[in-house]
A.B. asks: 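Have a look at the structure that comes next, please.
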Amino acid sequence: MTEIQLAELVASYIRDVPDFPQPGILFKDITPLLDDGTAFRAVIDGMRSAHGEFDVVAGIEARGFLVAAPLAYAAGVGVVPIRKAGKLPGKTVAMSYALEYGAATIEVLADAVAPGQRVLVVDDVLATGGTLAAALGLLGDMGAEVVGVSVILELAGLGGRERLAGWPLRAVLTT
Ligand code: AMP
């Protein structure tokens with residue numbers, strides 16, 4: 001499938017939910033895509049082939065896990081969960097970041113990625129980029145070599161791409 005065909009596929013399988021989870025937010029729901037095995041496989045395979053070689057896939061809780069695990073499986077590599085604070089057992093490294101209202105913290109196990117390991121970082125949707133920027137900061141502190149940042153959908157106009165300037169970002173669809 002070409003990149004344009006994949007983008008059209010994603011466009012047709014994402015559902016807009018107005019005022020969720022709060023008034024004024026247009027939520028981009030990927031569940032129709034997850035629900036269709038053929039479309040989901042095409043998107044995961046497209047994300048995999050859009051990036052070069054990588055040793056591990058890092059996925060961001062929670063919907064990022066739904067992208068990271070099949071992508072890692074398809075590539076025959078491992079998957080590293082980047083989780084909300086307090087969920088991972090053992091020694092972790094953490095990064096806090098600002099949300100529109102308040103703040104959030106994400107964590108990864110301290111030994112999850114070895115220095116120099118090539119990591120593909122994935123999430124479902126790129127909005128302001130705050131979450132992915134924090135994940136990239138964490139992985140950078142651990143000495144990981146981030147070789148790709150991959151999302152199904154990029155919401156243009158929210159500053160995400162600008163915030164991630166310099167990182168090898170790919171989106172199947174930018175809207
Ligand atoms: P960000 O603002 O890029 O840090 O987005 C934070 C997280 O919320 C990401 O993991 C996205 O998956 C999710 N997210 C943000 N805005 C939306 C939206 N409009 N629709 C669906 N998911 C969103």
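Note that ligands are numbered from 1 as they come in the structure, with each ligand's atoms numbered from 1 the same way.
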A.B. asks: Enumerate the atoms of ligand 1 whose separation from the nearest heavy atom of Thr128 is less than 4.0 angstrom.
C.D. replies: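 Counting from 1, the qualifying ligand atoms are 1 (P), 2 (O), 3 (O), 4 (O).
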A.B. asks: For residues 141-167, run the donor-acceptor check on the side chains, cut-off 3.5 Å, and write out each pair with its distance to 0.1 Å, sequence neighbours left out.
C.D. replies:
residue: Ser150; atom: OG; partner: His51; partner atom: NE2; Å: 3.4
residue: Glu154; atom: OE1; partner: Arg161; partner atom: NE; Å: 3.3
residue: Glu154; atom: OE1; partner: Arg161; partner atom: NH2; Å: 2.9
residue: Glu154; atom: OE1; partner: Thr174; partner atom: OG1; Å: 2.8
residue: Glu154; atom: OE2; partner: Arg161; partner atom: NE; Å: 3.0

A.B. asks: Residue-level breakdown please: for Val125 versus ligand 1, do any non-hydrogen atoms fall below 4.0 Å on the side chain, on the backbone, on both, or on neither?
C.D. replies: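 The answer is both, backbone and side chain.
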A.B. asks: Contact between Gly160 and ligand 1, counting heavy atoms under 4.0 Å?
C.D. replies: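 For ligand 1, residue contact (heavy atoms, under 4.0 Å) with Gly160 is absent.
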A.B. asks: Give the residue, atom name and distance (to 0.1 Å) of the protein heavy atom nearest atom 3 (O) of ligand 1.
C.D. replies: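 For atom 3 (O) of ligand 1, the nearest protein heavy atom comes out as Gly129 N, 2.8 Å.
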A.B. asks: With respect to Leu132, determine whether any N or O atom, backbone or side chain, lies less than 3.5 Å from an N or O atom of ligand 1.
C.D. replies: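 Looking only at distances, the answer is no, because the N/O contact criterion of under 3.5 Å is not met.
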A.B. asks: Going by the atom numbers of ligand 1, which of them fall below 4.0 Å from some non-hydrogen atom of Ala127?
C.D. replies: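 Answer, ordered by atom number: 1 (P), 2 (O), 3 (O), 5 (O), 15 (C), 16 (N).
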A.B. asks: Report the part of Thr131 (side chain from C-beta onward, or backbone N, CA, C, O) that has a heavy atom under 4.0 Å from ligand 1; answer both or neither where that applies.
C.D. replies: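 The answer is both.
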A.B. asks: Which residue holds the protein heavy atom closest to atom 19 (N) of ligand 1, what is that atom called, and what is the gap in Å?
C.D. replies: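 Heavy-atom neighbour on the protein nearest atom 19 (N) of ligand 1: Leu26 O, 3.0 Å.
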A.B. asks: Could you measure the distance from the CG atom of Asp123 to the CD atom of Glu61? Nearest 0.5 Å is fine.
C.D. replies: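 Result: 10.5 Å between the selected atoms.
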A.B. asks: Give me the nearest non-hydrogen protein atom to atom 20 (N) of ligand 1 as residue plus atom name, then the distance to 0.1 Å.
C.D. replies: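 The protein heavy atom lying closest is Lys28 N, 2.9 Å.
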A.B. asks: Just how far is it from atom CE of Met95 to atom CG of Leu139, taken to the nearest 0.5 Å?
C.D. replies: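 Separation between the atoms: 9.0 Å.
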A.B. asks: Out of all atoms in ligand 1, which are within 4.0 Å of some heavy atom of Asp124? Include the element for each.
C.D. replies: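 The list of qualifying atoms is 11 (C), 12 (O).
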A.B. asks: Salt bridge (charged side-chain N to carboxylate O under 4.0 Å, His left out) between Glu3 and Arg170: does it pass, once the steps are laid out?
C.D. replies: CA-CA 11 Å; Glu3 282 185 21; Arg170 302 291 299 262; 3.1 Å; yes
A.B. asks: Heavy atom under 4.0 Å from ligand 1: found in Leu155's side chain, backbone, both, or neither?
C.D. replies: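 Under 4.0 Å from ligand 1, Leu155 contributes side-chain atoms alone.
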A.B. asks: Atom CG in Leu99, atom OG1 in Thr128: separation rounded to 0.5 Å?
C.D. replies: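 The CG atom of Leu99 sits 7.5 Å away from the OG1 atom of Thr128.
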A.B. asks: So do the side chains of Leu66 and Leu34 get within less than 4.5 Å of each other, counting heavy atoms only?
C.D. replies: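 SC-SC contact between Leu66 and Leu34 confirmed.
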A.B. asks: Ignoring hydrogens and angles, tell me if any N or O in the side chain of Asp55 forms a donor-acceptor pair with the backbone of Arg118 under 3.5 Å.
C.D. replies: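 Yes, the answer is positive, given that a donor and an acceptor are paired below the 3.5 Å cut-off.
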A.B. asks: Where is the nearest protein heavy atom to atom 10 (O) of ligand 1: which residue, which atom, and how far?
C.D. replies: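 Answer for atom 10 (O) of ligand 1: Asp123 OD2, 2.6 Å.
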A.B. asks: Once you round to the nearest 0.5 Å, how far does CG of Leu88 lie from CG of Leu109?
C.D. replies: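 Interatomic distance, Leu88 CG to Leu109 CG, rounded to 0.5 Å: 4.5 Å.
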A.B. asks: Considering the heavy atoms of Arg63, write down every atom of ligand 1 situated less than 4.0 Å from one of them.
C.D. replies: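 Numbered from 1, ligand 1 contributes 12 (O), 13 (C), 22 (N).
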A.B. asks: Show the atom names and distances, to 0.1 Å, of all donor-acceptor pairs under 3.5 Å that link a side chain in residues 16-29 to residues at least two apart or in another chain.
C.D. replies:
residue: Asp16; atom: OD1; partner: Lys28; partner atom: NZ; Å: 2.9
residue: Asp16; atom: OD2; partner: Lys28; partner atom: NZ; Å: 3.3
residue: Asp19; atom: OD1; partner: Gly24; partner atom: N; Å: 2.8
residue: Asp29; atom: OD1; partner: Thr31; partner atom: N; Å: 3.1
residue: Asp29; atom: OD1; partner: Thr31; partner atom: OG1; Å: 3.0
residue: Asp29; atom: OD2; partner: Arg15; partner atom: NE; Å: 3.1
residue: Asp29; atom: OD2; partner: Arg15; partner atom: NH2; Å: 2.6
residue: Asp29; atom: OD2; partner: Thr31; partner atom: OG1; Å: 2.8

